[in-house]
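Comments concern the structure below.
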Amino acid sequence: MVVVAGLTCALPWTIASAQVRAPAPVTRAARATETARIGEGERIEHSFSRITGLALDAAGNLYVADAQEQRIAVFAPDGTRLALFGRVGKGPGEFDHPTQIAIDSAGVLWVSDVVRVQRFRAASTGAPATTYAAVVGTVTFHDWTSTRAGVIDRAGHFHVPVSYTRTAGPDAGPVAMIKRLARDGRIVDSVLVPRYPNAPSSSARYSVDARSGRMLRGLNHVPFAGVPVWTSSPVGTIISGNGLKYELVETDGAGTVVRRFNRTDAAVPIDAAERRDSLRALTVRFDSIPVPLTQVQGMPEEVRQKRLPTHYPPYRELSVSREGALWVRRWTTPAERGTSRYDVFAPDARFLGTVSLPAELIGEPTLMIAGRRAAGIVTDRETGLQTVVRFDVPDWVAGESTSPRRP
């Protein structure tokens with residue numbers, strides 16, 4: 001056992017034996033319906049600078065955190081703006097880079113920023129949760145840069161992502177976990193994220209002098225490389241995978257695997273032109289590095305040798321609906337550009353089918369799903385303008401995603 005920030009976290013870091021395996025999959029496919037776009041069009045009622053969080057309440061209202069503007073906007077299901085609140089600062093109702101946001105079962109909004117977690121409630125019945133209620137507390141080593149979807153589990157605990165680096169001992173290296181925060185500010189427990197050997201460095205870098213260096217973003221792994229992914233669930237577990245094979249594991253606080261999600265789809269070859277363009281772009285990046293490649297740290301050998309994979313990875317991102325369904329985002333081919341494709345699993349790991357969203361979403365914040373509603377973000381490749389897109393998802397996803405789940 002190891003004690004972190006006053007909490008007891010279970011080790012070892014390796015995945016324990018599975019207790020439950022997924023039943024045989026079924027085949028089902030559907031296309032979601034786009035219902036609204038917020039932040040674009042001829043009459044723009046609202047624009048975003050840097051979206052870092054999304055949340056949906058029971059009425060279908062969408063909450064959008066903007067870290068650069070230091071505020072949160074609330075939109076009705078049709079995209080009409082209902083409220084705008086917050087400003088920069090550390091006082092009640094003020095924000096310092098808001099990131100994870102989530103709505104609990106009572107309709108209360110939780111917001112995490114650099115220094116603390118706050119709660120907001122509705123001023124009257126049926127109104128959005130915009131009125132400052134309380135400061136919940138702070139969490140040591142909180143990863144305030146994370147834009148993972150906010151999660152409140154069924155026990156009413158808010159999930160705060162934590163990351164740090166252990167510098168000594170047999171478990172030296174990066175550590176990631178969630179800490180579950182109660183309404184009174186108590187940290188209930190910690191749930192560790194499994195480590196995977198193929199996890200890339202946070203970034204490639206080189207030294208400028210003995211006291212400083214420069215990061216080389218995007219050179220810590222080759223294009224199309226399968227990398228580990230993870231998310232937390234509404235029952236306080238972690239779902240993760242190494243990104244190399246189609247198997248995802250759900251682990252509890254002790255690191256024991258309680259469920260596996262898998263499929264046996266054949267690997268899809270990377271489009272030749274797309275692979276060639278990526279290789280060319282990588283070469284251009286190399287030409288801009290002012291030091292020999294041997295002096296670059298955090299750059300794996302595959303990058304140095306420009307060895308790109310021949311097949312797309314099995315998945316790229318994970319999202320969990322408020323009801324507990326796991327949405328696994330697949331890589332899309334050039335023929336599927338402009339869409340986002342997800343495999344959907346019920347909470348008991350039954351494969352339900354695939355859902356295609358008619359928009360090419362960015363990676364983080366990840367897709368937010370609650371019942372039949374979903375929301376994600378697209379970015380204009382020329383202007384960088386961010387737009388929120390809302391969807392209605394198929395009935396079978398919403399209907400079967402509420403199956404009981406026990407860790």
Side-chain angles (χ1 to χ4, degrees), residues 48-52 66-68 96-97 99 114 141-148 161-168 172-176 193 195-230 242-244 270-313 316-317 331-332 334 337 360-366 377-386:
F48 303 102
S49 295
R50 183 165 179 256
I51 299 173
T52 48
D66 191 322
Q68 187 168 322
D96 183 1
H97 196 95
T99 50
V114 173
F141 299 126
H142 164 47
D143 185 3
W144 61 269
T145 64
S146 172
T147 54
R148 297 179 181 278
V162 169
S163 64
Y164 64 95
T165 299
R166 192 183 301 279
T167 58
V175 176
V193 176
R195 286 183 179 178
Y196 292 97
N198 65 310
S201 301
S202 58
S203 69
R205 61 201 177 279
Y206 66 89
S207 298
V208 174
D209 52 46
R211 298 168 56 182
S212 64
R214 292 182 179 175
M215 293 190 298
L216 300 169
R217 297 189 183 279
L219 294 181
N220 56 340
H221 61 80
V222 293
F224 308 109
V227 297
V229 296
W230 68 272
N242 63 12
L244 301 176
I270 298 172
D271 177 78
E274 187 176 28
R275 190 172 185 273
R276 186 169 54 250
D277 289 344
S278 295
L279 184 59
R280 185 182 302 114
L282 181 60
T283 301
V284 171
R285 291 294 305 279
F286 278 3
D287 293 341
S288 68
I289 300 175
V291 299
L293 295 185
T294 54
Q295 296 182 20
V296 178
Q297 304 172 17
M299 178 186 288
E301 192 61 27
E302 290 79 7
V303 176
R304 299 181 197 277
Q305 299 298 327
K306 295 187 283 190
R307 294 201 303 264
L308 274 64
T310 58
H311 292 74
Y312 293 103
R316 57 186 298 180
E317 293 148 20
W331 283 77
T332 51
R337 288 294 181 265
E360 191 169 349
L361 304 178
I362 64 174
E364 288 190 7
T366 51
I377 302 165
V378 298
T379 300
D380 186 280
R381 296 186 179 184
E382 295 183 0
T383 64
L385 177 69
Q386 290 189 319

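Taken to the nearest 0.5 Å, the CG atom of Leu361 stands 9.5 Å off from the OG1 atom of Thr379. Rounding to the nearest 0.5 Å places CE of Met299 at 11.0 Å from CZ of Arg205. Here CD of Glu317 is found 8.5 Å from CH2 of Trp331. Values are rounded to the nearest 0.5 Å. Rounding to the nearest 0.5 Å gives a distance of 10.0 Å between CG of Asp287 and CG of Leu282. The structure places CG of Leu279 at 11.0 Å from CD1 of Ile270, a figure rounded to the nearest 0.5 Å. To the nearest 0.5 Å, the span separating OG1 on Thr165 from CZ on Phe141 amounts to 10.0 Å.
Gln297 and Ser207 make their closest contact through NE2-OG, 4.0 Å (heavy atoms, listed as atom of the first residue, atom of the second, distance). Nearest heavy-atom pair, Asp66 versus Arg50, reported as atom, atom and distance to 0.1 Å: OD1-N, 3.1 Å. Pairing each heavy atom of His142 with each of Thr99, the nearest pair is NE2-OG1, 4.4 Å. Arg304 and Phe286 make their closest contact through O-CE2, 3.9 Å (heavy atoms, listed as atom of the first residue, atom of the second, distance).
More than 12 heavy-atom neighbours from other residues, nucleotides or ligands sit within 6.0 angstrom of CZ on Arg337.
Under the 3.5 Å distance criterion, the side-chain polar atoms of Asn242 are left unmatched by any main-chain donor or acceptor of Asn198. A donor-acceptor pair is defined here as one N or O able to donate and one able to accept, closer than 3.5 Å; no such pair exists between the side chain of Arg148 and the backbone of Pro161.
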side-chain contact (heavy atoms from CB on, under 4.5 Å) for Thr145 and His97? Distances and angles first, verdict last. CA-CA 9 Å; Thr145 64; His97 196 95; 5.9 Å; no
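Looking only at atom types and distance, the side chain of Asp143 has no donor-acceptor partner in the side chain of Ser146 under 3.5 Å away.
With contacts defined as side-chain heavy-atom distances shorter than 4.5 Å, the pair Tyr312/Asp271 qualifies. Looking at heavy atoms from C-beta onward, Gln68 lies out of side-chain contact with Thr52 at the 4.5 angstrom threshold.
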Please tabulate, for side-chain N and O atoms in residues 213-229, each donor-acceptor pair with protein atoms closer than 3.5 Å (sequence neighbours left out).
{"from": "Asn220", "atom 1": "ND2", "to": "Ser201", "atom 2": "O", "distance (Å)": "2.6"}
{"from": "Asn220", "atom 1": "ND2", "to": "Ser202", "atom 2": "O", "distance (Å)": "3.4"}

